[in-house]
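Counting starts at 1 for both ligands and their atoms, following the listed order. Nothing fancy with the numbering, it's 1 onward along the sequence. Worth saying up front: this structure is predicted, and the values here are computed from it rather than measured.
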Amino acid sequence: MKQAPETFSRRLIEWQKRHGRHDLPWQRTRDPYRIWLSEIMLQQTQVATVIPYYQRFLERFPDVAALAAAPLAAVIEAWAGLGYYARARNLHRCAQRVMEDHGGRFPATPEELAGLPGIGPSTAAAIAAFAWGRRAAILDGNVKRVFCRHFGIEGVPGTAAADRALWALADSLLPEDDMEAYTQGLMDLGATVCTRPRPACGLCPLQATCVAYRQGRQAELPARRPRPALPERETTLVLISDGQHILFERRPPAGIWGGLLVPPEGEPAAVLARLGLHAEDCLELPPLLHVFTHFRLHIRPVLCRVAPDCHTAAERNLEWLAIGLAPAAGVPTPVKKLVRLVASAGD
Ligand code: SF4
């Protein structure tokens with residue numbers, strides 16, 4: 001069914017004003033730093049998870065200058081647990097670019113914002129709409145789902161042809177004003193009403209013109225690419241402990257868990273030899289599976305107990321952390337589980 005773009009956007013704007021979200025911690029501000037931070041955290045992560053991270057992050061880095069001046073390790077530490085760590089590294093680089101290239105002020109156009117690290121066209125449009133009321137289209141996964149269902153678009157989102165059509169549609173639907181309510185309305189509808197499983201069509205302001213609703217095809221749209229099975233990988237992590245502490249190595253910035261503290265990886269005998277340590281005994285702990293976006297990692301944890309007064313080879317990227325404090329440091333989620341295993345093995 002053809003309809004004027006204004007009809008779509010007006011209904012969404014009216015709905016957002018009456019039923020949308022208005023009290024999220026990053027709303028009611030025009031500060032591009034806060035808006036940018038929330039938009040990056042919300043990529044791939046749900047609102048409820050983001051809120052406490054966002055608040056702690058702002059206490060620690062209250063403005064872009066503070067973030068740019070902080071060491072990367074401190075930023076990674078504040079991010080630890082949110083996943084997709086490339087976002088944290090890009091966040092830090094972006095803050096530095098804003099300081100160096102833009103005099104500490106975020107540029108106000110979507111085009112310039114999209115030239116900064118970690119900011120794609122959709123995020124740039126959201127920041128520009130919320131901070132300056134700019135007229136620019138967002139198109140994240142949630143918005144693609146709403147468009148595919150409402151307009152009956154058959155292509156697979158993420159493919160070049162479907163995304164071209166979706167961007168053209170997103171541009172054509174932009175209202176003349178009320179950009180903040182429209183942009184927030186798309187986000188709210190995708191997150192709270194037109195959800196992937198079980199969309200609440202009875203509450204939807206777009207129901208009267210929705211193709212998927214009329215044809216009962218909500219479960220079929222958007223079309224999905226068949227998923228190839230994820231490759232399997234294996235690793236051994238050596239948890240070296242003196243009973244009170246665990247030895248961690250900071251990973252190089254690139255690669256999985258880049259910049260995070262992780263127990264040394266490799267065969268226990270080789271790891272101990274490399275670090276100049278002698279273990280009193282080594283014990284296999286229950287294996288752990290961690291699923292990344294692109295592969296499944298089977299972790300074989302081995303606990304090696306060393307004497308309390310032992311000394312490691314002098315490598316700058318090594319850190320002994322107290323067992324009780326390690327989960328709060330910059331360690332990835334599966335490593336937190338391993339630390340708990342070590343704590344219980346010592347009971
Ligand atoms: S009517 Fe249902 S399927 Fe259509 S846009 Fe609204 S929630 Fe989504």
Side-chain angles (χ1 to χ4, degrees), residues 1-24 26-27 38-39 42-51 120-126 129-130 135-227:
M1 184 190 300
K2 273 268 179 214
Q3 59 186 303
E6 204 45 17
T7 316
F8 178 94
S9 55
R10 284 283 29 119
R11 275 182 293 159
L12 198 57
I13 288 167
E14 295 312 320
W15 174 82
Q16 202 288 324
K17 288 183 176 174
R18 292 175 58 185
H19 303 289
R21 298 176 292 188
H22 297 274
D23 295 313
L24 299 173
W26 43 85
Q27 292 182 305
S38 69
E39 288 300 325
L42 287 164
Q43 292 168 354
Q44 339 262 6
T45 311
Q46 306 235 336
V47 163
T49 309
V50 164
I51 288 175
S122 183
T123 301
F130 291 136
R135 200 167 168 270
I138 62 162
L139 191 65
D140 62 12
N142 281 355
V143 178
K144 288 179 187 178
R145 182 172 61 250
V146 172
F147 285 176
C148 284
R149 283 178 174 162
H150 180 266
F151 295 99
I153 294 171
E154 306 285 346
V156 177
T159 59
D163 279 5
R164 253 196 318 276
L166 286 164
W167 272 113
L169 180 63
D171 286 333
S172 73
L173 292 169
L174 287 177
E176 289 304 322
D177 50 23
D178 261 341
M179 271 309 298
E180 299 91 323
Y182 175 70
T183 305
Q184 189 66 49
L186 277 177
M187 292 178 173
D188 292 352
L189 194 81
T192 66
V193 175
C194 194
T195 49
R196 193 141 48 96
R198 293 182 297 282
C201 301
L203 302 174
C204 180
L206 308 174
Q207 191 204 71
T209 48
C210 177
V211 171
Y213 175 74
R214 202 172 55 242
Q215 300 178 349
R217 297 179 62 212
Q218 295 96 322
E220 284 165 43
L221 294 170
R224 273 182 280 268
R225 220 193 300 244
R227 262 199 184 193

Engineer: Please list, in number order, the atoms of ligand 1 under 4.0 Å from a heavy atom of Gln218.
Structural biologist: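 Answer for ligand 1: 3 (S).
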
Engineer: Measure the distance from atom 6 (Fe) of ligand 1 to every protein heavy atom, then report the residue, atom name and distance (to 0.1 Å) of the closest one.
Structural biologist: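 The closest one turns out to be Cys204 SG, 2.3 Å.
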
Engineer: With under 30° as parallel and over 60° as perpendicular, where do the rings of Phe147 and Phe151 fit, or are they tilted in between?
Structural biologist: perpendicular

Engineer: When you compare the side chains of Gln215 and Glu220, does any donor N or O come within less than 3.5 Å of an acceptor on the partner?
Structural biologist: no

Engineer: Does any N, O or S atom of Cys194, backbone or side chain, fall under 2.8 Å from atom 8 (Fe) of ligand 1?
Structural biologist: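 An N, O or S atom of Cys194 is closer than 2.8 Å to atom 8 (Fe) of ligand 1, so yes.
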
Engineer: Within Cys201, is some N, O or S atom less than 2.8 Å away from atom 2 (Fe) of ligand 1?
Structural biologist: yes

Engineer: Between Tyr213 and His150, is the gap from one ring center to the other below 6.0 Å?
Structural biologist: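 Ring-ring flag for Tyr213/His150: false, centres at least 6.0 Å apart.
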
Engineer: Is atom 4 (Fe) of ligand 1 less than 2.8 Å from at least one N/O/S atom of Cys210?
Structural biologist: yes

Engineer: Please answer whether the main-chain N or O of Arg21 pairs with a side-chain N or O of Gln16 as donor and acceptor at a distance below 3.5 Å.
Structural biologist: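 Side chain of Gln16 to backbone of Arg21, a donor-acceptor pair under 3.5 Å: yes, one is there.
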
Engineer: Suppose I only count heavy atoms of Gln207 and a 4.0 Å limit; which atoms of ligand 1 are within that range?
Structural biologist: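 Answer, ordered by atom number: 1 (S).
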
Engineer: Charged N to carboxylate O below 4.0 Å: is that the case for Asp177 and Arg10?
Structural biologist: yes

